[in-house]
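Comments concern the structure below.
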Amino acid sequence: MSEPVRAKTDQRWCEDVTLTFVNSGGSAIGSGTVTFGAHVVDALGTDWATRESTAPLPVPIAAGTHRERTWTVCVDAWRVPLGMHIETRDVSVRWE
């Protein structure tokens, strides 16, 4: 999995996160999940909370290939007060 590439959206409680998954193994990846940790951050950079969300992997990913996907990661708007925004800093993958 690549490092996440983050892009702002027009809503402070959402951002677009792009990941590239590379299957260097000998068989296709048929299922799995990606977990995003969205941090609620104030204007000074203080991290106030982290909210997790999960999504299915973009499968199948054939052996020796890669797949790129962009997700819009959001938290409830009321969790992100005016002057704050989210940053998706934590990303983990569970392959099945």
Side-chain angles (χ1 to χ4, degrees):
M1 175 183 79
S2 69
E3 289 294 317
V5 176
R6 300 175 20 240
K8 291 183 179 185
T9 67
D10 58 348
Q11 298 170 323
R12 68 182 183 282
W13 54 88
C14 296
E15 71 178 354
D16 291 333
V17 179
T18 301
L19 297 169
T20 301
F21 301 95
V22 178
N23 182 354
S24 58
S27 59
I29 297 170
S31 64
T33 56
V34 58
T35 301
F36 301 100
H39 295 250
V40 179
V41 179
D42 68 15
L44 298 175
T46 303
D47 187 341
W48 288 87
T50 303
R51 306 304 298 172
E52 285 191 352
S53 60
T54 59
L57 287 176
V59 292
I61 305 172
T65 65
H66 70 279
R67 169 105 23 121
E68 182 179 281
R69 171 101 188 256
T70 300
W71 288 268
T72 300
V73 177
C74 297
V75 300
D76 296 321
W78 65 269
R79 294 185 182 276
V80 187
L82 194 59
M84 294 186 168
H85 63 280
I86 69 164
E87 295 178 4
T88 305
R89 297 178 179 172
D90 307 317
V91 179
S92 63
V93 175
R94 186 178 58 132
W95 313 97
E96 296 175 4

Side-chain heavy atoms nearer than 4.5 Å, only ILVMFWY residues, links allowed to pass through others: does that put Trp13 and Val73 together? no
side-chain contact (heavy atoms from CB on, under 4.5 Å) partner of Arg12, the single match among Val40, Ile86, Leu82: Leu82
At what distance, to the nearest 0.5 angstrom, does CZ of Arg6 lie from NZ of Lys8? 9.0 Å
Verify same cluster id: Val41, Met84 (apolar side-chain graph, 4.5 Å): no
Answer with yes or no whether the hydrophobic clustering places Val91 together with Leu57; edges join I, L, V, M, F, W, Y residues whose side-chain heavy atoms lie under 4.5 Å apart. yes
Backbone of Pro60 reached by a side-chain donor or acceptor of Arg67 within 3.5 Å: yes
If I compare all heavy atoms of Gly25 with all of Ala63, which pair ends up nearest, and what's the gap? O-CB, 3.4 Å
Can you tell me if His66 and Glu68 form a side-chain donor-acceptor pair at under 3.5 Å? no
Quick check: are there more than 12 heavy atoms from other residues, nucleotides or ligands sitting under 6.0 Å from CZ of Arg94? no
For the hydrophobic clusters of this structure (ILVMFWY residues joined by side-chain heavy atoms under 4.5 Å, transitively), does one cluster hold both Phe36 and Val93? yes
Interatomic distance, OG@Ser31 vs CD1@Ile61, rounded to 0.5 Å, equals 10.5 Å
Side-chain heavy atoms under 4.5 angstrom apart, residues restricted to Ile, Leu, Val, Met, Phe, Trp, Tyr: same cluster for Val75 and Trp71? no
Does the side chain of Glu52 come under 3.5 Å of the side chain of Thr35 through a donor N or O and an acceptor N or O? no
Looking only at non-hydrogen atoms, find the nearest pair between Thr65 and Ala62 and report the distance. OG1-O, 2.6 Å
Thr9 side chain to Cys14 main-chain N or O, any donor-acceptor pair under 3.5 Å? yes
Sidechain-backbone polar pair: Asp42 side chain, Leu44 backbone, donor-acceptor under 3.5 Å: yes
Please report the shortest heavy-atom distance between Val17 and Pro4, naming the atom on each side. CG1-CB, 3.8 Å
